[in-house]
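Here the structure comes first, spelled out in structure tokens, and everything after it is commentary.
Heavy-atom basis, side chains included; hydrogens, waters and symmetry copies ignored. Numbered from 1 within each chain, the chains take letters A, B, ... in sequence-line order.
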Amino acid sequence: MPPIFDRIYATVARIPSGRVATYGDIALHLGMPQGARTVGWAMRKCPHGLPWHRVINAQGKSSLRGEARERQYALLAKEGVGAGIGGRIDLEQYRWQEI
DNA sequence: TGCGTGACTTGAC
DNA sequence: CGTCAAGCCACGC
């Protein structure tokens, strides 16, 4: 059984282009309904090659600050994921369903 | 072994 | 719809 970190990274790596997942979704998928913070904590490391930009919070917004935040929205926009008013992404439309 | 910390979440006001 | 507070998890020191 690999560390929780690896399982989180493996799940993030499976998120298809043009789709997004929330920290809570990933945590739930790994069997930790209340482990959203752990997912965020793990994402701090952000291993190279991981689609980190496809992970957002339950509010449909980026949890990053400063330039990293803008960078995330830019990458998502390039994949067709548009942010609405207030930089909010429509989870109903872009949420990764096959998780 | 114990405590602080963070890219969270949800329910009240 | 914005802000606040409390709950929850794993890791590092």
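Chain A approaches DNA chain B within less than 4.0 angstrom (heavy atoms of the protein), and the contacting nucleotides run 5' to 3' from B/dG6 to B/dT10.
Centroid-to-centroid, the aromatic rings of A/Y9 and A/W52 stay 6.0 Å apart or farther.
Atom CD1 of A/I89 is separated from atom OH of A/Y94 by 8.5 Å, given to the nearest 0.5 angstrom. Taking CZ of A/R14 as the start and CD1 of A/I99 as the end, the distance is 7.0 Å to the nearest 0.5 Å. Atom NE2 in A/H53 sits 9.0 Å away from atom CD1 in A/I15 (nearest 0.5 Å). From A/I8, atom CD1 reaches atom CG of A/L30 across 6.0 Å, with rounding to the nearest 0.5 Å.
Nucleotide B/dG11: paired with C/dC4 (Watson-Crick or G-U wobble, both distances less than 3.5 Å).
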Can you name the atoms? Protein N/O to nucleotides 10-13 of chain C N/O, anything below 3.5 Å, with the distance.
none

Is there any protein nitrogen or oxygen under 3.5 Å from a nitrogen or oxygen in nucleotides 1-8 of chain C, and what are the pairs?
| residue | atom | partner | partner atom | Å |
| --- | --- | --- | --- | --- |
| C/dG7 | O6 | A/R37 | NH1 | 3.1 |

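Residues A/W41 and A/Y23 are not in side-chain contact: their nearest non-hydrogen atoms beyond the backbone lie 4.5 Å or more apart.
Here the side chain of A/D25 pairs no donor or acceptor atom with the backbone of A/L28 at under 3.5 angstrom. At distances below 3.5 Å, not a single donor-acceptor pair connects side-chain atoms of A/E79 with backbone N or O atoms of A/S17. With hydrogens and angles disregarded, a donor-acceptor distance shorter than 3.5 Å links the side chain of A/Y73 to the backbone of A/S62.
Considering A/V12, A/L76, A/L75 in turn, A/V12 is the only one that fulfils the side chain to side chain contact (heavy atoms under 4.5 Å, CB included) rule with A/P51.
Among the protein residues, A/R65 comes within range of the sugar-phosphate backbone only, with heavy atoms under 4.0 Å from sugar or phosphate atoms but none that close to a base.
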